[in-house]
Amino acid sequence: MADFRSDTVTQPSLAMKERMFNAPLGDDVFNDDPTTLQLQRYAANLLGFEAALFAPSGTQTNLIAMMSHCQRGDEAIVGQQWHTYKWEAGGMAVLGSIQPQPLEPQSDGTLLLSDIAAAIKPDDPHFAHTRLIVIENTVGGKVLPLEYMRSVSELAKKQGLACHIDGARLMNAAVALAPRHNTTPQQMARELCQGYDSVSLCLSKGLGCPVGSLLLGSDAFIARARRVRKMLGGGMRQTGILAAAGLYALENNIDRLAQDHANCQRLADGLTVLAAQLPALQGKLTPLPVQTNILFTDIEIELAAQLLPYLAERGISLTASNYQNANGAIKRVRWVCHLDISSADIDKTLQHVSEFAHQQ
Ligand SMILES: *Cc1c(COP(=O)(O)O)cnc(C)c1O
């Protein structure tokens, strides 16, 4: 009924399916699938790159990027919590023979420029050759501002390094930042990418596609990436049927991410009010600040053990992880808003939480 586990759970809309059904198809390994070519061209123009490559997942577009930038034995600077480091089964090390150099991010999701600079190894046979900086935006739902993105790409350029954005949810960042810069999300996304050598963008999250990610970069980079994609088994055939969904999403589903952000804020505000008013929740349920479509709430362990099954029985699915905050062990529960969660679903969810707290 309300699946908050991830924005990957979105179902393709009827209009998206119609676009898929009617897509002209070829063979993408022969590079002649017209719909895939159209998607790649559309995305490259949108984000200001020479070329793009369609691939099955964001894990794969990130891995392709890292393997196309780095040789065996090179090093990539990442954050401790980055998807590329922590959530991709160690692919860069296992499959790319790339050494990750993880850094601890700040609470706003940035890596300090001074930390990055200090991690870049001098040219010395003792060290791996530092080759790449990876930045994630959004990271844990947090938006990295344009000025910060620029400062990282300038640092990379000055040091002769490549830089890559894991922009699985880049469009959420663009939608959140656009009003501040008095521009459109599309123009904002393009500006966030400026100065970067490559970007990975998920179509299968908030943009609502069933499958697919894009990697963007220069013509020469994408030519290398195409070979790596083949090596990893990501060369598919009549991909136009999937690319059509991507075209529909890029044309129709970017601006509407603002609704997901508003719903997420509405959920956070509602939970804040309930936690302040109802004794069963007081001091035991704390919503953290929301910037885009992801809300984290810190919930006391025993409360979480009752509340989560209660909500699950009512069709409300969540993910939770064990976390250590200033008060000791807690459950950090993640609520992800997306196009299959309406504002009415938010209100119903708040009502269930309220009813639960009244029964305690
Ligand atoms: C989801 C995600 C990816 C890619 O995930 P896939 O499930 O492989 O498409 C990459 N980076 C971040 C930050 C993500 O959230």
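Position 1 is the first residue of the sequence; numbering continues from there. The structure presented is a predicted model; accordingly, all values stated were derived computationally and were not measured.
What you find for Ala55 and Ile64 is that their closest heavy atoms are CB-CD1, 4.3 Å. Minimum heavy-atom separation, Phe221 to Ser68: CE1-CB, 3.5 Å. Closest heavy-atom contact between Ile222 and Leu216: CD1-C, 4.0 Å. Of all non-hydrogen atoms in Leu103 and Ala119, the two that sit nearest each other are CD2-CB, 3.9 Å. The shortest heavy-atom contact between Leu257 and Gly206 is CD2-O, 3.6 Å. When all heavy atoms of Gly73 and Ala128 are compared, the closest pair comes out as O-CB, 3.5 Å.
Counted by atom type alone, Arg19 and Tyr248 present zero donor-acceptor pairs between their side chains at under 3.5 Å. The closest side-chain donor-acceptor pair between Gln359 and Glu355, if any, does not fall under 3.5 angstrom. Judged by distance alone, the side chains of Gln265 and Asp269 do bring a donor and an acceptor atom under 3.5 Å apart. The closest side-chain donor-acceptor pair between His69 and Ser198 falls under 3.5 angstrom. Side-chain atoms of Arg150 and Gln194 form a donor-acceptor pair, as typed in the model, at a separation below 3.5 Å. Glu88 and Asn62 are linked by a side-chain donor-acceptor pair at a separation below 3.5 angstrom, with hydrogens and angles left out of the test.
A donor-acceptor contact shorter than 3.5 Å is absent between the side chain of Ser6 and the backbone of Val9. In this structure, Asn263 contributes its side chain and Asp260 its backbone to no donor-acceptor pair below 3.5 Å. Side chain of Asp33 to main chain of Asp28: no donor-acceptor pair is present (N/O by atom type, distance under 3.5 Å, no hydrogens or angles). With Glu50 contributing its side chain and Asp219 its backbone, the two residues share a donor-acceptor pair below 3.5 Å. Using a distance-only test at 3.5 Å, with no hydrogens or angles considered, no donor-acceptor pair links the side chain of Gln159 to the main chain of Ala117. At least one donor-acceptor pair closer than 3.5 Å links the side chain of Asp166 to the backbone N or O of Ala168. Side-chain atoms of Thr239 do not come within 3.5 Å of backbone N or O of Met236 as any donor-acceptor pair. Between the side chain of Thr110 and the backbone N or O of Gln106, no donor-acceptor pair lies under 3.5 Å. The closest donor-acceptor contact from the side chain of Lys157 to the backbone of Tyr196 lies at 3.5 Å or more, if one exists at all. In this structure, the side chain of Thr35 engages the main chain of Pro24 through a donor-acceptor pair within 3.5 Å.
Considering NZ of Lys205 and CG of Asn253, their distance stands at 16.0 Å, rounded to 0.5 Å. Atom CZ of Arg314 is separated from atom CD of Gln351 by 11.5 Å, given to the nearest 0.5 angstrom. Atoms CD1 and CG, from Ile299 and Leu281 in turn, are 8.5 Å apart once rounded to the nearest 0.5 Å. Expressed to the nearest 0.5 Å, how far CD1 of Ile77 lies from CG of Leu111 amounts to 8.5 Å. A distance of 12.0 Å separates NZ of Lys230 from CZ of Arg227, quoted to the nearest 0.5 Å. To the nearest 0.5 Å, the span separating CZ on Arg131 from CD on Gln71 amounts to 8.5 Å.
Think of Leu37 as one node in a network of Ile, Leu, Val, Met, Phe, Trp and Tyr side chains linked at under 4.5 Å; it has no links at all.
Atom OH of Tyr323 is surrounded by 12 or fewer heavy atoms from other residues, nucleotides or ligands within 6.0 Å. Heavy atoms of other residues, nucleotides or ligands lying less than 6.0 angstrom from CZ of Arg41 number more than 12. By the 6.0 Å contact criterion, CG on Asp124 is enclosed, its count of non-hydrogen atoms from other residues, nucleotides or ligands being greater than 12. More than 12 heavy-atom neighbours from other residues, nucleotides or ligands sit within 6.0 angstrom of CG on Asn22.
Taking 4.5 Å as the limit, some side-chain heavy atom of Leu53 sits within range of a side-chain heavy atom of Gln40. Within the 4.5 Å cutoff, no side-chain heavy atoms of Val29 are placed close to those of Asn31. Counting heavy atoms from C-beta outward, Leu146 and Glu191 have side chains that approach closer than 4.5 Å.
Residue pairs that meet the ring-ring contact (aromatic ring centres under 6.0 Å, His included) test with at least one member in residues 328-360, sequence neighbours left out, are Phe4-Trp335, Tyr310-Phe356.
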Query - Full working for salt bridge (Lys or Arg N to Asp or Glu O under 4.0 Å) between Asp347 and Arg266 - result: CA-CA 9 Å; Asp347 293 342; Arg266 182 190 183 91; 2.9 Å; yes

Requested in this report: List the steps and the verdict of side chain to side chain contact (heavy atoms under 4.5 Å, CB included) for Arg5 and Val336.
Outcome: CA-CA 6 Å; Arg5 289 173 304 164; Val336 185; over 6 Å; no

Query raised in the report: So Leu307 and Thr297, side chain to side chain contact (heavy atoms under 4.5 Å, CB included) or not? Walk me through it.
Result: CA-CA 12 Å; Leu307 177 60; Thr297 53; over 6 Å; no

**Report entry** Derivation and outcome, side chain to side chain donor-acceptor pair (under 3.5 Å), residues His261 and Thr292
**Finding:** CA-CA 5 Å; His261 298 183; Thr292 54; 4.8 Å; no

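Residue Val228 is grouped with residue Met66 when hydrophobic side chains (ILVMFWY) are merged at heavy-atom distances under 4.5 angstrom, including chains of intermediate members. In terms of hydrophobic clustering, with Ile, Leu, Val, Met, Phe, Trp and Tyr side chains grouped at heavy-atom distances under 4.5 Å, Leu144 and Ile294 are assigned to different clusters. Placement of Leu308 and Leu350 within a single hydrophobic cluster is found when ILVMFWY residues are connected by side-chain heavy-atom separations under 4.5 Å, directly or transitively. Hydrophobic clustering (side-chain heavy atoms under 4.5 Å, transitive across Ile, Leu, Val, Met, Phe, Trp, Tyr) groups Tyr148 together with Val175. Grouping the Ile, Leu, Val, Met, Phe, Trp and Tyr side chains by contacts below 4.5 angstrom, directly or via other members, places Val143 with Leu113.
Between Arg169 and Asp7 there is a salt bridge, since at least one side-chain N of the basic residue sits less than 4.0 Å from a carboxylate O of the acidic one.
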Contacts under 3.5 angstrom, residues 93-101 side chains, donor-acceptor by atom type, not counting sequence neighbours:
from: Gln99; atom 1: NE2; to: Glu75; atom 2: OE2; distance (Å): 2.9
from: Gln101; atom 1: OE1; to: Lys121; atom 2: NZ; distance (Å): 3.1

